[in-house]
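Throughout, numbering of the chain's residues begins at 1 and tracks the sequence.
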Amino acid sequence: MAEQLQSSPRLPWTVRLFVSAASFFVDACRCSNCTVNRRLFNFFDYKPSPLTKPHRNLKSSDVPVSRNLWFRLYTPTSISTKLPVIVFFHGGGFVFMSATSKPYDDFCQRLARELPAVVVSVNYRLSPEHRYPSQYNDGFDVLKFIDDRQNSSLFEAANLGHCILAGDSAGGNIAHHVAIRESGHEFDNLKVVGMLAIQPFFGGEERTESETRLKRAPLVNMERTDWMWKAFLPEGSDRDHPVVNVFGPNAVDISAVDFPATVVFVGGFDPLQDWQRRYYEGLKKRGKQAELVFFPNAIHTFYAYPELEDSSAFIHKVRDFVQSRSVAATDTVH
């Protein structure tokens, strides 16, 4: 009983029910040969349609890019000034969920309304059908699409010079690697000025203290994360691959990379928290502007549940960061 209390905070029954259902379907749909029963998972993964007519001062649409790549675009309708643009990568261990999954559709609507901001939610390809580096390629291709003047009519409400990369869980991992790639590319209009690493999914061969202590935490455990890394990485790779253990023994040195200012969000009941802290420390050691925001009672994906107090505090912190980066970008221009 003591271990169970240590592994999970008290949560509203609605959150517990959703987390239990998500865990059940993720486990039921994962096969030992690293394939996924997507038909079964679709019973759980409800995908609402876009807001083609403005609803509560927001509209959304699904925008094709190329191949099977597209994004859902959220645009506030009652703001007269140009808004920052947030390019968001959803979580799901690189394997599950989509830009239109209801928790992420709700979350991106909330960001767009409450910050406010224009939000681009990327529907990248999923593993194991599309392994590394497909997700990073898709993320970078979306940035190039946004930057292309031919697509400017889609972003009339956005200030492309104030772009924030963001991602939760696996999406936080994608945001990191897309940030590295975009730093070496000359954009005409787009300028990345910050990054939100929301409980990012990193790891390694080592078993950390939090992974071991929180082995019964909601949603995330070592068996699930090991399977997801195996489904994502090239055949024969281990968890010290440089895209997993980004500051580990095989890491690529990013000291010379013009990396955006970053906020790393960490939860006290997230088994991945030790890797997230190491990520923050790795950025600082390499001279990057980074801040760690810790929520002691937060589970993995806490921000997706508006009924949790920490979720509101998270939105406030995101708003402050986005506004501060927009000011910094404006000061740099002048």
Side-chain angles (χ1 to χ4, degrees), residues 5-19 22 56-58 74 76 83-91 102-119 121 162 164-172 175-176 193-202 210 214 217-220 260-277 279-281 283-284 289-328:
L5 288 173
Q6 184 185 24
S7 296
S8 177
R10 292 184 177 180
L11 296 169
W13 71 267
T14 50
V15 176
R16 287 197 175 276
L17 181 62
F18 181 85
V19 165
R56 292 173 53 209
N57 299 320
L58 185 71
Y74 301 82
L83 297 173
V85 57
I86 294 179
V87 179
F88 178 76
F89 303 98
H90 67 83
K102 188 173 189 331
Y104 286 112
D105 187 59
D106 289 347
F107 179 66
C108 288
Q109 286 191 39
R110 189 178 180 199
L111 288 178
R113 288 191 181 100
E114 296 190 28
L115 296 184
V118 173
V119 178
S121 184
H162 297 174
I164 305 287
L165 299 181
D168 76 307
S169 197
H176 168 83
V193 298
M195 190 175 82
L196 299 163
I198 308 166
Q199 296 183 294
F201 186 23
F202 298 113
S210 63
L214 297 171
L219 285 177
V220 174
T262 299
V263 176
V264 184
F265 292 93
V266 179
F269 286 91
D270 185 353
L272 300 174
Q273 65 184 277
D274 287 347
W275 292 112
Q276 294 156 1
R277 289 179 183 278
Y279 175 64
Y280 160 76
E281 292 162 0
L283 290 176
K284 295 289 283 186
Q289 185 177 340
E291 177 185 359
L292 186 143
V293 178
F294 180 61
F295 292 93
N297 295 315
I299 63 169
H300 197 72
T301 71
F302 74 95
Y303 39 84
Y305 311 107
E307 57 266 54
L308 298 181
E309 247 181 68
D310 284 340
S311 181
S312 295
F314 164 84
I315 291 291
H316 286 303
K317 180 59 190 177
V318 169
R319 185 189 298 120
D320 289 346
F321 176 74
V322 171
Q323 290 175 351
S324 70
R325 296 314 303 159
S326 293
V327 169

Is there a side-chain contact between Pro84 and Leu115 (heavy atoms, below 4.5 Å)? no

Give a yes or no answer on whether the side chain of Thr262 reaches the backbone of Pro260 with a donor-acceptor pair at less than 3.5 Å. yes

Less than 4.5 Å apart, side chain to side chain, heavy atoms only: is that true for Glu281 and Lys284? no

Kindly indicate whether the side chain of Glu307, heavy atoms from C-beta on, has any atom under 4.5 Å from the side chain of Val15. yes

Just say parallel, tilted or perpendicular for the rings of Phe295 and Phe302, cut-offs at 30° and 60°. tilted

So, do Ile164 and Val193 sit near enough that their side-chain heavy atoms are less than 4.5 Å apart? yes

Is there side-chain contact between Asn297 and Phe269, with heavy atoms separated by less than 4.5 Å? yes

Arg110 NZ/CZ over Tyr303 ring centroid, <6.0 Å and within 45° of normal: no

Assess the residue pair Phe314 and Phe265 against the criterion (ring pair (Phe, Tyr, Trp, His ring centres under 6.0 Å)); give the C-alpha distance rounded to whole Å, side-chain angles, the decisive distance to 0.1 Å, and a yes or no. CA-CA 8 Å; Phe314 164 84; Phe265 292 93; 4.8 Å; yes

Is Gln273 reaching over with its side chain to a backbone N or O of Val266, donor-acceptor style, under 3.5 angstrom? no

With a 3.5 Å distance limit and no angle check, can you tell me whether Glu291 reaches the backbone of Ala261 through a side-chain donor-acceptor pair? no

Show the nearest heavy-atom pair for residues Leu214 and Gly268, with the distance to one decimal. CD1-O, 3.8 Å

In the structure I gave you, are the side-chain heavy atoms of Leu219 and Asp270 within less than 4.5 Å of one another anywhere? no

Contact check, side chains of Thr301 and Ile198, non-hydrogen atoms, under 4.5 Å: no

Any side-chain heavy atom of Gln199 within less than 4.5 Å of one from Gln276? yes

Arg113 side-chain N/O to Arg56 backbone N/O, donor-acceptor pair under 3.5 Å: yes

What heavy-atom pair brings Phe294 and Gly267 nearest, and what distance separates the two atoms? CE1-C, 3.8 Å

Kindly say whether Gly91 contributes a backbone atom to a donor-acceptor pair with the side chain of Tyr104 at under 3.5 angstrom? yes

Tyr305 and Asp310 side chains, donor-acceptor separation under 3.5 Å: no

Mind listing the closest non-hydrogen atom pair of Val293 and Lys317 along with its distance? CG2-CE, 3.8 Å

